[in-house]
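Have a look at the structure below before the remarks.
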Amino acid sequence: MTESKKPQDLATRCIHAGDTEDPATGAVMPPIVTSSTYRSPEFGKSGEHVYSRASNPTRDAFERCVADLEAGVRGVAYASGMAATAGILELLEQGAHVVAPADLYGGTLRLFNEVRTRQAGFEFTYVDFADLDAVAAAIQPKTQLIWIETPTNPLLKIVDLAAVAELGKSRDILVAVDNTFATPCLQRPLELGCDIAMHSTTKYLGGHSDVIGGINVVADAEIGRRLVSLRSAVGSVPGSFDAYLTLRGVKTLALRMQRHCENAQALAEWLQAQSGVKRVYYPGLAADPGHALARRQMSAFGGIVTIELAGDVAKFMNSLEVFTLAESLGGVESLAGHPVTMSHSTVPAATREAMGITPSTVRLSVGIEAVDDLRADLASALTAAGG
C-alpha cells in the first residue's frame, strides 16, 4: 500500500499547486489561451470551455493555484480587486445590511457608500472590530455580510478572524476577508472559519506592479458556483494574459513575502527610534496593539509599515530616491504612499480623521531591495523633512 503524500509546504505549493502544467505539451507554465470561443464537439454537446467570459484555460489554472494556497474549494478571478469586492456584494439581496471595520481601504468605502447604497439600497455599519461586542451589537436582522480587512489599510489593525467567523456562523451571516496585505503565505482566513478570502492580485500575488486583477477564494462550492455565474453575467473577468502574469508572480510569492517581512520588521524597529517619526504602525512591534493577536493568527507580520511624520511630508516624499512616491503596494520595489491624497483621497476628511488618518500619515510598502539601502533612503528623507 502506497502511503499518501504529506501536505506540501506553502512555498512548494506556490510553484506547483493547481496542476498548472499544460497536459497537452508538458509545458511547466500554462499557455496563454487568447481564444474568446471554443468549438463544440458536436451539436447539442458542449466541451469543457464554451466562451471565455465563462471560463478560460489560463484563468482556470491561476484560479486553481490560488484556491489551493488559500485552502479553498474554488477560486474566482476578476479584472481588479475592486471587481472582486463587488462580486461578493453581488451575492447579497436588495437592501442588505453589511458590518465592516471603521478602518477600511478608501476604494472599498467608495464602493460601499457611493455605489451600493444608491444602486442596491445596501446599508453599512462601521465599527471597531477590536471590540467583538460592538461587532455583535451592529448586526441587524437583515445583515447578510460581515466584511473584514486584516491587517487594515493603512493603520494595520488586526481583526480576530476566528472569533468573527464564529459570530458569523452563529447568525448565518457570510464572512468575507480582504486578505491582500497578508497573502496566503502569512494568513489563511478559510482555515479560521471564514467563507471567502479576497485579494487584489494587483498587489503581492502579482508582485511586480505590471498587472491589475482580483480573486475570491471560497470554502463552499455552491458559493463558488454562484460567484462564477454572477461574474459571467456582469462580465468582470480578467484577460488570459493578465491571469498568466499573475500566476507567474505567484510562483515566487513565498520567497518575496519572506524578504518583504524581514525588511519591514527591520525598518519598523529602526523607525521607532527616529526623532522625525511620531508613531510607527506595524503589528510586528511588541508595543503594537495587535501584536499578540497577529502572532497567533499570522506566520509573519507583512510588508507594510505606516508612520506618522513629525516633519514636513512633502519634503520627506520628494527626498526619497529608493522608495518611489506612488499609489499601490505589494510590488518588488518599495513605494511610499500618502493616504490623504492617494488611497483615501475620496474619503471625507471627517471620516479620515475619525479613522486616525492624518495629513502626516505615510504608508510604506517595503520592497525586496537591500534593507541597508532602504534605511539610508528613509534616513536622508527624514533629515530633509526636519521635525
Side-chain angles (χ1 to χ4, degrees), residues 81-82 85-86 88-89 92 95-140 142-143 145-159 164 176-178 180-181 198 200 277-283 288-290 304-317 325-329 335-365 385 387:
M82 291 311 306
T85 301
I88 295 172
L89 297 180
L92 312 182
H97 175 254
V98 178
V99 180
D103 177 27
L104 199 62
Y105 168 52
T108 304
L109 278 172
R110 185 181 186 184
L111 174 64
F112 286 3
N113 294 338
E114 297 184 22
V115 181
R116 296 304 186 180
T117 53
R118 172 183 53 80
Q119 182 225 14
F122 288 0
E123 296 179 13
F124 298 88
T125 299
Y126 302 101
V127 298
D128 181 359
F129 269 55
D131 184 350
L132 291 174
D133 290 336
V135 178
I139 293 173
Q140 304 176 9
K142 60 181 180 179
T143 303
L145 173 68
I146 300 175
W147 178 267
I148 301 172
E149 274 185 19
T150 184
T152 61
N153 183 2
L155 300 183
L156 307 178
K157 295 179 181 178
I158 306 298
V159 176
V164 177
V177 182
D178 184 339
T180 299
F181 274 28
M198 170 268 173
S200 169
V277 178
K278 291 189 289 187
R279 180 170 178 178
V280 179
Y281 300 87
Y282 187 66
D288 189 273
I304 305 297
V305 178
T306 299
I307 59 176
E308 286 290 327
L309 282 174
D312 188 293
V313 173
K315 289 180 179 178
F316 174 83
M317 293 294 205
L325 174 57
E327 297 265 10
S328 199
L329 57 98
L335 303 175
H338 186 237
V340 166
T341 59
M342 291 180 172
S343 62
H344 290 67
S345 61
T346 61
V347 178
T351 303
R352 285 198 304 261
E353 184 177 347
M355 294 166 71
I357 300 170
T358 77
S360 297
T361 304
V362 173
R363 188 188 69 193
L364 302 173
S365 175

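- Take Tyr126 and apply the ring-ring contact (aromatic ring centres under 6.0 Å, His included) test, not counting sequence neighbours, and it matches no residue.
- Just one of Val164, Val127, Val159 meets the side-chain contact (heavy atoms from CB on, under 4.5 Å) condition when paired with Leu132; it is Val164.
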Would you please test Leu92 and Val98 for side-chain contact (heavy atoms from CB on, under 4.5 Å) and show each step? CA-CA 9 Å; Leu92 312 182; Val98 178; 3.8 Å; yes
Enumerate donor-acceptor pairs with a distance under 3.5 Å from any side-chain N or O in residues 102-109 to protein atoms, sequence neighbours excluded.
| residue | atom | partner | partner atom | Å |
| --- | --- | --- | --- | --- |
| Asp103 | OD2 | Thr152 | OG1 | 2.3 |

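- Put simply, the side chain of Arg279 never gets that close to the backbone of Glu308: no donor and acceptor are under 3.5 Å apart.
- Put simply, CD on Glu114 and OG1 on Thr346 are 6.0 Å apart, with the number rounded to the nearest 0.5 Å.
- Here Met317 pairs with Val313, Leu320, Leu325, Ala336, His338, Val362 under the side chain to side chain contact (heavy atoms under 4.5 Å, CB included) rule; sequence neighbours left out.
- The line from OH of Tyr281 to CG of Leu156 is 9.5 Å long, rounded to the nearest 0.5 Å.
- Every residue was checked against the salt bridge (charged side-chain N to carboxylate O under 4.0 Å, His left out) condition with Lys315, not counting sequence neighbours, and none meets it.
- Within a 6.0 Å radius of CD in Glu353, other residues, nucleotides and ligands contribute 12 heavy atoms or fewer.
- Partners of Gln140 according to the side-chain hydrogen bond (donor to acceptor under 3.5 Å, both in side chains) rule, which considers only residues two or more places apart in sequence or in another chain, are His97.
- The structure places CG of Leu364 at 7.0 Å from OG1 of Thr306, a figure rounded to the nearest 0.5 Å.
- For Ala120, the side chain to side chain contact (heavy atoms under 4.5 Å, CB included) test picks out Gln94, Phe122, with sequence neighbours left out.
- Among pairs with a residue in residues 119-131, those fulfilling salt bridge (charged side-chain N to carboxylate O under 4.0 Å, His left out) read Glu123-Lys142, at least two apart in sequence or across chains.
- Closest of all the heavy-atom pairs between Pro339 and Thr361 is CD-O, 3.3 Å.
- Across every non-hydrogen atom of Pro283 and Ile158, the tightest pair is CB-CD1, 4.0 Å.
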With side-chain contact (heavy atoms from CB on, under 4.5 Å) as the criterion, how do Val305 and Val280 come out once you've worked through the C-alpha distance, each side chain's angles and the decisive distance to 0.1 Å? CA-CA 7 Å; Val305 178; Val280 179; 3.9 Å; yes
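- In terms of heavy atoms, Ala100 sits closest to Phe112 at CB-CE2, 4.2 Å.
- Taking the side chain to side chain contact (heavy atoms under 4.5 Å, CB included) definition, one finds that Ala326 meets it with Thr324, Leu335, sequence neighbours left out.
- Looking at heavy atoms from C-beta onward, Leu111 lies in side-chain contact with Leu89 at the 4.5 angstrom threshold.
- Qualifying salt bridge (charged side-chain N to carboxylate O under 4.0 Å, His left out) partners for Arg116, counting only residues two or more places apart in sequence or in other chains: Glu90.
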* Asked: Taking it one step at a time, do Phe124 and Trp147 satisfy side-chain contact (heavy atoms from CB on, under 4.5 Å)?
  -> CA-CA 10 Å; Phe124 298 88; Trp147 178 267; over 6 Å; no
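- Between the CE atom in Met198 and the OG1 atom in Thr85 there is a gap of 3.5 Å [rounded to 0.5 Å].
- Looking at Arg110 and Met82, their side chains never come closer than 4.5 Å, going by heavy atoms from C-beta outward.
- Residues satisfying the side chain to side chain contact (heavy atoms under 4.5 Å, CB included) test with Ala136, not counting sequence neighbours, are Leu167, Arg171.
- Qualifying side-chain hydrogen bond (donor to acceptor under 3.5 Å, both in side chains) partners for Thr180, counting only residues two or more places apart in sequence or in other chains: Asp178.
- A 4.5 Å side-chain heavy-atom check between Pro154 and Ile304 finds every atom pair outside the cut-off.
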**Request:** Could you give me the CA-CA distance, side-chain angles and deciding distance for Arg363 and Asn153, then say whether side-chain contact (heavy atoms from CB on, under 4.5 Å) is met?
**Result:** CA-CA 9 Å; Arg363 188 188 69 193; Asn153 183 2; 3.0 Å; yes
